[in-house]
Trainee: 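The structure is given below, and queries will be raised subsequently.
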Amino acid sequence: QVQLQESGPGLVKPSQTLSLTCTVSGGSITMNSYYWSWIRQPPGKGLEWMGAIADSGSTYYSPSLKIRTSISRDTSKNHFTLQLNSVTPEDTAVYYCARDQGPYGLVGWDYWGQGTQVTVSS
């Protein structure tokens, strides 16, 4: 059973960098043909796919967030990390990590973390 767990600060100030880590257990992030994704849900809105890192280490980003987003991984710790720069209150959301079988959030996620609330406020 694959399990994902997000961690990171719940409050970030405007213009700073949001950094979240997703720790995976029960399976390796280098496992063939899987994409490890970040998704968020702002209050009152739908899910937004942000980006993913493949088993190969290749990264994929939403065009609307690409300029501010970076996803990396540490295979020795079996975790992957989201960095979102220059945050504004519009980045306030519940952030999820999840496993997908395709790179752009189009196939469907089969395992999810529980989500972590991030609020951007001074």
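What you see is a predicted model; the values in this text were computed from it and never measured.
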Trainee: For the residue pair T59 and I71, what are the closest heavy atoms and their distance?
Mentor: CG2-O, 3.4 Å
Trainee: Please report the closest heavy-atom contact between A98 and I39, naming both atoms and the distance.
Mentor: CB-CD1, 3.6 Å
Trainee: Look up atom CD in Q5 and atom OG in S25, then write down how far apart they are to the nearest 0.5 Å.
Mentor: 9.0 Å
Trainee: Evaluate the criterion side chain to side chain contact (heavy atoms under 4.5 Å, CB included) for residue pair W36 and L4; output intermediate values, then yes/no.
Mentor: CA-CA 10 Å; W36 304 91; L4 298 91; 4.0 Å; yes
Trainee: How long is the straight-line distance from CG of D74 back to NE2 of H79, given to the nearest 0.5 Å?
Mentor: 4.5 Å
Trainee: How close do R40 and A93 get, heavy atom to heavy atom, and via which atoms?
Mentor: CB-CB, 4.0 Å
Trainee: Should D91 and R68 count as side-chain neighbours, where that means a heavy-atom distance under 4.5 Å?
Mentor: yes
Trainee: Is R99 positioned over the aromatic face of Y111, cation under 6.0 angstrom from the ring centre and no more than 45 degrees off axis?
Mentor: no
Trainee: Centre-to-centre under 6.0 Å for Y96 and W109, is that the case here?
Mentor: no
Trainee: Minimum heavy-atom separation for S64 to E48, with atom names?
Mentor: OG-OE2, 3.8 Å
Trainee: Assess the residue pair S121 and T119 against the criterion (side-chain hydrogen bond (donor to acceptor under 3.5 Å, both in side chains)); give the C-alpha distance rounded to whole Å, side-chain angles, the decisive distance to 0.1 Å, and a yes or no.
Mentor: CA-CA 6 Å; S121 174; T119 300; over 6 Å; no
Trainee: Roughly how far, to the nearest 0.5 Å, is the CD1 atom of I53 from the OG atom of S58?
Mentor: 8.0 Å
Trainee: Apply side-chain hydrogen bond (donor to acceptor under 3.5 Å, both in side chains) to T17 and N85, showing your working.
Mentor: CA-CA 4 Å; T17 296; N85 301 323; 3.2 Å; yes
Trainee: To the nearest 0.5 Å, how far apart are CH2 in W38 and CG in L65?
Mentor: 14.0 Å
Trainee: Of the non-hydrogen atoms in N78 and I29, which two are nearest, and what is the gap between them?
Mentor: OD1-N, 2.9 Å
Trainee: Once you round to the nearest 0.5 Å, how far does CG of L11 lie from NZ of K13?
Mentor: 8.0 Å
Trainee: With heavy-atom distances below 4.5 Å as the criterion, would you say the side chains of Y34 and Q101 are in contact?
Mentor: yes
Trainee: Could you tell me which non-hydrogen atom of A54 sits nearest to which non-hydrogen atom of Y60, and how far apart they are?
Mentor: CB-CE1, 4.0 Å
Trainee: With the side chain counted from C-beta on, respond yes when L47 and Q41 share a heavy-atom pair under 4.5 Å apart, and no when they do not.
Mentor: yes
Trainee: Measure the CH2-OH distance between W49 and Y61 for me, rounded to the nearest 0.5 Å.
Mentor: 9.5 Å
Trainee: Report yes if some heavy atom in the side chain of T81 is under 4.5 Å from a heavy atom in the side chain of R73; otherwise report no.
Mentor: no
Trainee: Picking from T92, L84, L20, what satisfies side-chain contact (heavy atoms from CB on, under 4.5 Å) with V118?
Mentor: L20
